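Scope of the values below: all heavy atoms of this structure, side chains included, with no hydrogens, waters or symmetry mates. As the structure is a computational prediction, the values presented were derived from the model and not from experiment.
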Amino acid sequence: MKKNIIVCLALILCVSSYLHARTLSPTFSIRYEDFVNSTAPSAAIGLKLDIDGDRYTGFQVNSDGTDTRLLMGWNWGVIGVGTMNIPVDGEDPTILPHYTFGVGYEILDGLTTTFEYCMTPDATDAQIVANPNADTRLRLALSVSF
């Protein structure tokens, strides 16, 4: 019994020291979802975990909750894997896979701009009409990490 408690405490100590050595910061982003066709901004919030200065991971969700994704980045590249929740009139919302990949540049410490190619490959025409963000598009974002 005492051995299990000691092992659990040691494991908790190791995990907490590992997380303490990393930088976990909240992020706020202003996005132009389809900046080629529209300049209407949207917002997103998330968390970013700095792994070693060059690599990071995290997640983001947009302000209306329809676009949720996990982020993985290395130096200037970023990949996002997530879901797009698309409500269609008279039907239950459909959850589709959503992918992004692009580049990012840190302008100042904590201020980053990203340019991404976004796609939801399984979206039908009716779902794209219900949520234009389900269409293939180019996204431009300005993110602040606190």
Side-chain angles (χ1 to χ4, degrees), residues 7-146:
V7 169
C8 287
L9 288 175
L11 184 62
I12 290 170
L13 182 64
C14 289
V15 170
S16 66
S17 65
Y18 177 77
L19 288 178
H20 181 67
R22 305 295 184 245
T23 303
L24 182 65
S25 57
T27 62
F28 177 74
S29 299
I30 301 294
R31 295 179 179 177
Y32 297 95
E33 293 291 344
D34 187 4
F35 78 94
V36 173
N37 297 317
S38 171
T39 57
S42 66
I45 59 171
L47 284 175
K48 183 177 177 182
L49 175 65
D50 184 25
I51 297 173
D52 65 0
D54 287 337
R55 293 176 285 180
Y56 64 91
T57 187
F59 74 92
Q60 268 187 340
V61 62
N62 67 348
S63 57
D64 62 2
T66 58
D67 179 2
T68 305
R69 66 187 181 141
L70 296 173
L71 296 171
M72 298 155 282
W74 188 357
N75 289 332
W76 51 269
V78 62
I79 297 173
V81 177
T83 61
M84 180 73 68
N85 185 357
I86 304 173
V88 177
D89 294 333
E91 298 178 12
D92 290 333
T94 304
I95 298 174
L96 298 173
H98 182 66
Y99 309 103
T100 64
F101 61 93
V103 295
Y105 179 73
E106 190 167 17
I107 300 169
L108 298 170
D109 190 29
L111 182 63
T112 306
T113 183
T114 55
F115 179 70
E116 296 175 288
Y117 178 77
C118 306
M119 61 184 161
T120 309
D122 298 334
T124 64
D125 291 338
Q127 291 166 335
I128 292 172
V129 169
N131 186 348
N133 292 337
D135 200 6
T136 300
R137 66 193 186 284
L138 295 174
R139 175 192 293 158
L140 182 65
L142 186 65
S143 302
V144 177
S145 296
F146 300 97

**Request:** Determine, step by step, whether Leu71 and Gln60 satisfy the side chain to side chain contact (heavy atoms under 4.5 Å, CB included) criterion, reporting the C-alpha distance in whole Å, the side-chain angles of both residues, the deciding distance to 0.1 Å, and the verdict.
**Result:** CA-CA 7 Å; Leu71 296 171; Gln60 268 187 340; 4.1 Å; yes
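Once rounded to the nearest 0.5 Å, the distance linking CD1 of Ile79 with CE of Met72 reads 5.5 Å. In this structure, CZ on Arg69 lies 9.5 Å from CG on Asn62, to the nearest 0.5 angstrom. One finds the CG atom of Leu47 at 4.5 Å from the CZ atom of Phe59 (value rounded to the nearest 0.5 Å). For the atom pair CG (Leu111) and OH (Tyr105), the distance works out to 11.0 Å, reported to the nearest 0.5 Å. With values rounded to the nearest 0.5 angstrom, Thr120 atom OG1 is found 9.5 Å from Tyr99 atom OH. Ile95 CD1 to Thr66 OG1: the interatomic distance, rounded to the nearest 0.5 Å, is 11.5 Å.
Looking at every heavy atom in both residues, Leu49 comes nearest to Leu24 through CB-CD1, 4.0 Å. Closest of all the heavy-atom pairs between Ala40 and Ser38 is N-OG, 3.2 Å. Closest non-hydrogen pair, Gly104 versus Thr114, comes out as CA-CG2, 3.9 Å. Nearest approach of Ile86 to Ala134, heavy atoms of both residues: CD1-CB, 3.5 Å.
Checked by atom type and distance alone, the side chain of Thr100 pairs as donor or acceptor with a backbone atom of Gly80 at under 3.5 Å.
By the 4.5 Å heavy-atom criterion applied to side chains, Val61 and Ile45 are counted as neighbours. Taking 4.5 Å as the limit, every side-chain heavy atom of Gln127 sits out of range of all side-chain heavy atoms of Asp122.
Within a 6.0 Å sphere centred on CG of Asp125, other residues, nucleotides and ligands contribute 12 heavy atoms or fewer.
Listed by chain and residue number, Phe35 satisfy the ring-ring contact (aromatic ring centres under 6.0 Å, His included) test with Phe115 (two or more places apart in sequence, or in another chain).
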Side-chain polar contacts of residues 136-146 - donor-acceptor pairs under 3.5 angstrom, sequence neighbours left out - could you list them?
unit_1	atom_1	unit_2	atom_2	d
Arg137	NE	Glu33	O	3.1
Arg137	NE	Glu33	OE1	3.4
Arg137	NH1	Asn133	O	2.3
Arg137	NH1	Asp135	O	3.3
Arg137	NH2	Glu33	OE1	3.0
Arg139	NE	Glu33	OE1	3.1
Arg139	NH1	Glu116	OE1	3.4
Arg139	NH2	Glu33	OE1	3.2
Arg139	NH2	Asp67	OD2	2.9
Ser143	OG	Ser29	OG	2.6

